[in-house]
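For reference, the structure is listed below as structure tokens.
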Amino acid sequence: MELALQDSKGTVEVADATFGVPFNEPLIHQVITAYLANARAGTRAQKNRAAVRGGGAKPFRQKGTGRARQGTIRSPLWRGGGRTFPAGPQDHSQKVNKKMYRAALRSIISELARQERLVVAEGFSLDAPKTRQLAKRLGDLGLADVLVIVDQLDDNLALAARNLQGVGVCQGTAVDPVSLVGYEKVLITVPALKQLEERLA
């Protein structure tokens with residue numbers, strides 16, 4: 001199949017096996033859910049009565065005070081004591097096979113192309129790390145909420161996009177499904193398109 005170039009009247013030839021795949025919503029949902037789950041740190045932790053510092057001495061004698069017997073001030077019943085059922089570090093990761101991951105990316109890219117949300121350009125670079133310059137170039141292309149995919153990420157483009165809301169930049173070798181579905185349009189250069197095609201072949 002062929003994709004039209006945004007900045008010229010030409011077209012670029014792409015493989016149907018990568019850009020003509022049917023939309024597989026359950027697979028995409030599974031891969032995106034796993035991707036977000038794998039990004040979770042899962043480092044929350046609370047202390048039980050053994051881990052809280054102090055409480056080695058018995059707070060008061062066993063008998064004769066009229067109070068309930070206590071062995072430590074770090075009991076869960078006391079302020080500053082440990083938790084009864086403390087939360088510990090958790091592993092939220094979900095396993096996704098490489099074939100499934102690549103198939104989900106192919107399905108997303110194909111759907112973007114069908115919905116005309118995939119914009120292809122010969123090249124995309126900036127002379128200086130200027131946010132205003134990047135905003136003007138994207139405005140000329142009629143793009144606002146957009147992910148820019150290039151074959152080689154340079155500092156000028158990365159720094160210019162850093163302070164621009166609704167604009168993301170990444171390399172063709174580092175494209176992830178969450179970024180692809182998170183923007184209204186995807187602007188990709190021809191070298192990055194070939195790079196992505198080789199990765200998903």
Side-chain angles (χ1 to χ4, degrees), residues 1-15 17-21 28 31-41 93-94 96-201:
M1 63 181 295
E2 292 184 347
L3 297 176
L5 295 175
Q6 182 76 13
D7 49 358
S8 67
K9 294 183 179 179
T11 58
V12 58
E13 187 74 25
V14 293
T18 303
F19 293 88
V21 177
I28 293 172
V31 169
I32 289 179
T33 302
Y35 188 89
L36 293 174
N38 294 343
R40 294 181 63 178
S93 63
Q94 300 178 19
V96 174
N97 297 331
K98 290 181 180 180
K99 288 178 68 175
M100 292 173 59
Y101 187 84
R102 287 196 293 264
L105 284 178
R106 285 195 293 267
S107 184
I108 294 172
I109 287 287
S110 301
E111 187 65 17
L112 289 173
R114 279 191 292 270
Q115 295 181 1
E116 297 182 352
R117 292 168 55 192
L118 185 66
V119 180
V120 184
E122 284 285 357
F124 196 87
S125 60
L126 298 177
D127 301 330
K130 298 291 185 181
T131 302
R132 185 179 300 175
Q133 183 180 348
L134 176 60
K136 184 179 184 307
R137 288 202 59 185
L138 293 176
D140 293 341
L141 294 172
L143 302 174
D145 186 15
V146 60
L147 172 68
V148 181
I149 305 175
V150 292
D151 61 319
Q152 195 66 37
L153 189 61
D154 63 333
D155 292 337
N156 289 346
L157 186 58
L159 292 173
R162 187 173 59 178
N163 200 31
L164 203 56
Q165 188 175 5
V167 176
V169 178
C170 70
Q171 286 184 251
T173 55
V175 174
D176 61 85
V178 175
S179 297
L180 286 176
V181 301
Y183 293 87
E184 181 64 29
K185 294 286 185 73
V186 174
L187 173 63
I188 185 169
T189 63
V190 173
L193 191 69
K194 298 302 181 182
Q195 198 177 53
L196 184 62
E197 193 174 2
E198 290 177 7
R199 175 187 170 191
L200 301 180

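Minimum interatomic distance between Tyr35 and Pro177 (heavy atoms only, all atoms of both residues): CD1-CD, 4.3 Å. Here the closest non-hydrogen pair linking Val169 and Leu147 is N-CD1, 4.1 Å. Across Ala37 and Gln94, no two heavy atoms sit closer than the pair CB-NE2, 3.7 Å. Residue Ile28 comes nearest to Ala104 through the heavy atom pair CG1-O, 4.1 Å, listed as atom of the first residue, atom of the second, then distance. In terms of heavy-atom proximity, Asp151 sits nearest to Thr189 at N-OG1, 3.9 Å. Of all heavy-atom pairs spanning Val96 and Tyr101, the tightest one is CG1-N, 4.0 Å.
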Practice problem: For side-chain contact (heavy atoms from CB on, under 4.5 Å), just list the numbers for Leu164 and Leu138, CA-CA rounded to whole Å, side-chain angles, deciding distance to a tenth of an Å, and then say yes or no. | Solution: CA-CA 11 Å; Leu164 203 56; Leu138 293 176; 4.3 Å; yes

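For the atom pair Thr173 OG1 and Gln195 CD, the distance stands at 5.0 Å (nearest 0.5 Å). The distance from the CG atom of Leu126 to the CG atom of Asp155 is 11.5 Å, given to the nearest 0.5 Å. In this structure, CD in Glu116 is found 8.5 Å from NZ in Lys185, a value given to the nearest 0.5 Å. Note that the CG atom of Leu200 and the CD1 atom of Ile108 stand 10.0 Å from one another [nearest 0.5 Å]. Note that CD1 of Ile149 and CG of Leu180 are 5.5 Å apart. Values are rounded to the nearest 0.5 Å. For the atom pair Ser93 OG and Asn38 CG, the distance stands at 5.5 Å (nearest 0.5 Å).
For Arg114, the CZ atom sits in a packed shell: over 12 heavy atoms of surrounding residues, nucleotides or ligands are nearer than 6.0 Å. Surrounding CD of Glu2 are more than 12 heavy atoms belonging to other residues, nucleotides or ligands, all under 6.0 Å away. Atom CZ of Arg117 sits in a crowded spot, with more than 12 heavy atoms from other residues, nucleotides or ligands closer than 6.0 Å.
Between Val148 and Leu134 there is no side-chain heavy-atom pair separated by less than 4.5 Å. In this structure, Arg162 and Leu159 have side chains that are in contact, with non-hydrogen atoms separated by less than 4.5 Å. In this structure the side chain of Val190 reaches within 4.5 angstrom of the side chain of Leu5, judged on heavy atoms. Ile109 places none of its side-chain heavy atoms less than 4.5 Å from the side chain of Val175. Side-chain atoms of Leu141 and Val119, non-hydrogen and from C-beta on, never get closer than 4.5 Å to each other.
Side-chain atoms of Glu197 come within 3.5 Å of backbone N or O of Ala15 as a donor-acceptor pair. Between the side chain of Asn97 and the main chain of Lys99, no donor-acceptor pair closer than 3.5 Å is present.
For residues 125-147, the side-chain hydrogen bond (donor to acceptor under 3.5 Å, both in side chains) pairs, not counting sequence neighbours, are Lys136-Asp140.
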